[in-house]
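Sharing a structure here in structure tokens format.
Letters A, B, ... mirror the listed sequences (proteins, then strands); counts begin at 1.
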Protein chains: 2
Amino acid sequence: MTDLMHSSPKKSSAARDRLLRVASGLFYREGIHTIGLDRVLAEAGVTRATMYRHFAGKEGLVLAYLGEEDAALRALFAEGASSAAEAADLLDVLIGGIADDISQHHTRGCPFINAAAEYPNATSPVRKLVASHRDWFRDTLEQVLVAAGAEDPAAGAASLVLLRDAALVGGYLDGVEQTKTAFERTARKVLA
Amino acid sequence: MTDLMHSSPKKSSAARDRLLRVASGLFYREGIHTIGLDRVLAEAGVTRATMYRHFAGKEGLVLAYLGEEDAALRALFAEGASSAAEAADLLDVLIGGIADDISQHHTRGCPFINAAAEYPNATSPVRKLVASHRDWFRDTLEQVLVAAGAEDPAAGAASLVLLRDAALVGGYLDGVEQTKTAFERTARKVLA
DNA sequence: AATATACCAGAACGTTCTTTCTCTTTTTGC
DNA sequence: GCAAAAAGAGAAAGAACGTTCTGGTATATT
């Protein structure tokens, strides 16, 4: 019998990794609709045929980009949860971590917010991924606040989501320094 | 002498108004790069020639759209400032006004944040307009807080900008009701 | 050594996009 | 009423887009 899955390579591949890494950087830094496939393929040194073997078109690349971003944040949380001894400390680590993030990694805003701005259809795969990411983030925050013994974990989590969104947007549009101090001050006031 | 400004019609024009109104709605609701001129012209019932007579290409339309949005908010503030008798009341009016805005008018997020997501070049005309709008907004907020007798007007204004950004984003991606209550609660806590 | 698979190379397709053009008709100002 | 400006209709240019296809080359695994 012949192999029926000839068109779906398993996982690892140098070309695939290069492609996704370059595409993620370009999509984030310059916007999704702004970037053409030509640009991605040229900078990654990958041909069209190879790309269509690994991803379901441009939208497949976009979904993989957001999926990686989602996975990275989840991994960061899993790591932070195991390292912080005290639950109360975790909140401080969290606020500081967000402040660092907007000044080092996410200097062009939130990948999910930016993507949502370009995908108006709420039922599209991209928007569904954005929605599930945000749901996970709020739920995770709520668990952290429960562990920290907050009086109203749900409300606190909602406020923190609000503030993180704002910090990412502000860091992009108003400058990092200005935003970082405003975010930390406001967050600590709200969670006091 | 012949009229030298034959190629720059002054202001009012039924076709121009229709065009800008339709374009603004489409740009906001569906994104800027997502919308083609064909769609704008068809829905506005205006021909290409007419559009290029009134605007400097698609980017001219985009700038006019954001300019109107900016003017509308400035007008709203000018009106609110004259109507509210007490400066302290003005803060309540402000918070309530933002909450109403995200549930009635701006249900697809902030026009300026969304536009910035699609325009990565900070020196582009669109981004400059976004920057000046945000500068004006923060300065205006600070003046309001000074009038209200806040202890740290600059810090309070920065926090309010943060929270308004978050409210607009959250209203779009997480639902209005959830976001509205979280915003009002957080804002009043911060400004207390 | 042979066979399958991944990758590179490049052409080509059909579509859509922005912009510009010509020609005719309508509206407007004086 | 007349002349000028504005708006409608439509074609067409020219580039960029995403997608598909064919062929050649290298790299593994059996």
Side-chain angles (χ1 to χ4, degrees), chain A residues 1-24 26-27 30-65 115 118-121 124-126, chain B residues 1-24 26-27 30-65 115 118-121 124-126:
Chain A
M1 306 183 185
T2 64
D3 189 1
L4 289 179
M5 36 191 327
H6 58 84
S7 69
S8 59
K10 264 307 147 206
K11 279 214 165 182
S12 64
S13 155
R16 199 196 116 105
D17 294 348
R18 230 184 316 148
L19 185 56
L20 183 51
R21 191 151 23 88
V22 168
S24 294
L26 287 175
F27 286 157
E30 310 215 18
I32 296 173
H33 291 321
T34 315
I35 291 294
L37 277 183
D38 288 356
R39 181 97 177 274
V40 177
L41 297 175
E43 290 199 20
V46 165
T47 58
R48 287 174 167 68
T50 305
M51 184 230 138
Y52 277 96
R53 202 195 323 272
H54 284 290
F55 299 96
K58 188 186 184 183
E59 185 160 315
L61 252 183
V62 174
L63 289 172
Y65 148 57
E118 300 201 54
Y119 287 82
N121 182 4
S124 65
V126 168
Chain B
M1 305 183 184
T2 64
D3 189 359
L4 289 180
M5 35 192 324
H6 57 81
S7 68
S8 60
K10 264 306 146 204
K11 280 212 164 183
S12 63
S13 155
R16 200 198 116 105
D17 293 348
R18 232 183 314 148
L19 186 55
L20 182 52
R21 189 149 27 87
V22 168
S24 295
L26 286 175
F27 286 156
E30 311 214 18
I32 296 173
H33 291 321
T34 314
I35 290 295
L37 277 183
D38 287 357
R39 181 96 178 276
V40 177
L41 297 175
E43 290 198 19
V46 166
T47 59
R48 286 174 168 70
T50 304
M51 185 232 138
Y52 277 95
R53 203 196 322 272
H54 284 289
F55 298 96
K58 188 187 183 182
E59 185 160 315
L61 253 184
V62 174
L63 289 170
Y65 147 58
E118 300 201 53
Y119 287 82
N121 182 4
S124 65
V126 167

Between C1' of C/dC17 and CD1 of A/I35, the distance in whole Å: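 Rounding to the nearest Å, CD1 of A/I35 and C1' of C/dC17 are 17 Å apart.
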- prompt: Nearest heavy-atom pair of B/A64 and B/L20: which atoms, and what distance?
  reply: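 Where B/A64 meets B/L20 most closely, the heavy atoms are CB-CD1, 3.7 Å.
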- request: Please report, rounded to the nearest Å, how far the P atom of C/dG10 is from the CG atom of A/D38.
  value: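 Going from CG in A/D38 over to P in C/dG10 covers 14 Å.
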- request: Specify the separation, in whole Å, of atom CG of B/L41 and atom P of C/dT20.
  value: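 Result: 14 Å.
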message: Tell me the interatomic distance from A/R53, atom CZ, to D/dT19, atom C1', rounded to whole angstroms.
response: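 About 15 Å, once rounded to whole Å.
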field: Under 3.5 Å donor-acceptor pair, B/R48 side-chain atoms to C/dT18 base atoms
entry: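 It does not, because no donor-acceptor pair links the side chain of B/R48 to the base of C/dT18 below 3.5 Å.
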task: Take the protein atom CZ of A/R16 and the nucleotide atom P of D/dT27, then report the distance between them rounded to whole Å.
output: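 A/R16 atom CZ is separated from D/dT27 atom P by 22 Å.
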Side-chain N or O of B/H33 closer than 4.0 Å to phosphate OP1/OP2 of C/dC17: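 It does not, given that no N or O in the side chain of B/H33 lies less than 4.0 Å from OP1 or OP2 of C/dC17.
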message: Output the rounded distance in Å from CE (B/M51) to P (D/dG8).
response: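 It is 13 Å, rounded to the nearest whole Å.
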- prompt: Do A/L61 and A/L37 come close enough that some side-chain heavy atom pair is under 4.5 Å?
  reply: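 Heavy-atom side-chain distance check passes, below 4.5 Å.
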message: It should be established whether A/H54 places a side-chain nitrogen or oxygen under 4.0 Å from OP1 or OP2 of nucleotide C/dA6.
response: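 So the side chain of A/H54 is outside the cut-off, no N or O lying under 4.0 Å from OP1 or OP2 of C/dA6.
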- prompt: Reckon B/R18 touches a base, only the sugar-phosphate, or nothing at all at heavy-atom distances under 4.0 Å?
  reply: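 If one applies the 4.0 Å heavy-atom cut-off, B/R18 turns out to touch the sugar-phosphate alone, with no base involved.
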message: Would you say B/T47 places a side-chain N or O within less than 4.0 Å of OP1 or OP2 belonging to D/dA7?
response: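 B/T47 to D/dA7 OP1/OP2: no side-chain N or O under 4.0 Å.
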query: If you check every side-chain atom of B/K58, which of C/dC8, D/dG18, C/dT19 has the closest atom?
result: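 When the side chain of B/K58 is considered, C/dT19 is the closest of C/dC8, D/dG18, C/dT19.
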Donor-acceptor contacts under 3.5 Å from residues 38-48 of chain A side chains, at least two apart:
residue	atom	partner	partner atom	Å
A/D38	OD1	A/R48	NH2	2.1
A/R39	NE	A/E43	OE2	3.0
A/R39	NH2	A/E30	OE2	2.9
A/T47	OG1	A/T50	OG1	3.0

query: Within this structure, what is the OH-to-P distance between A/Y52 and D/dT19, rounded to whole angstrom?
result: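 Nearest whole value for this atom pair: 3 Å.
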query: Do A/Y65 and A/L26 come within less than 4.5 Å of each other through their side chains, counting heavy atoms only?
result: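 They are not in side-chain contact.
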- prompt: Separation of A/F55 atom CZ from D/dT20 atom P, in whole Å?
  reply: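 That distance rounds to 16 Å.
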query: Which heavy atom in A/P125 sits nearest to a heavy atom in A/E59, and how many Å separate them?
result: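 Closest approach of A/P125 to A/E59, heavy atoms only: CG-OE2, 3.3 Å.
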field: C/dA6 phosphate, OP1 or OP2, under 4.0 Å from A/S13 side-chain N/O
entry: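 Result: no.
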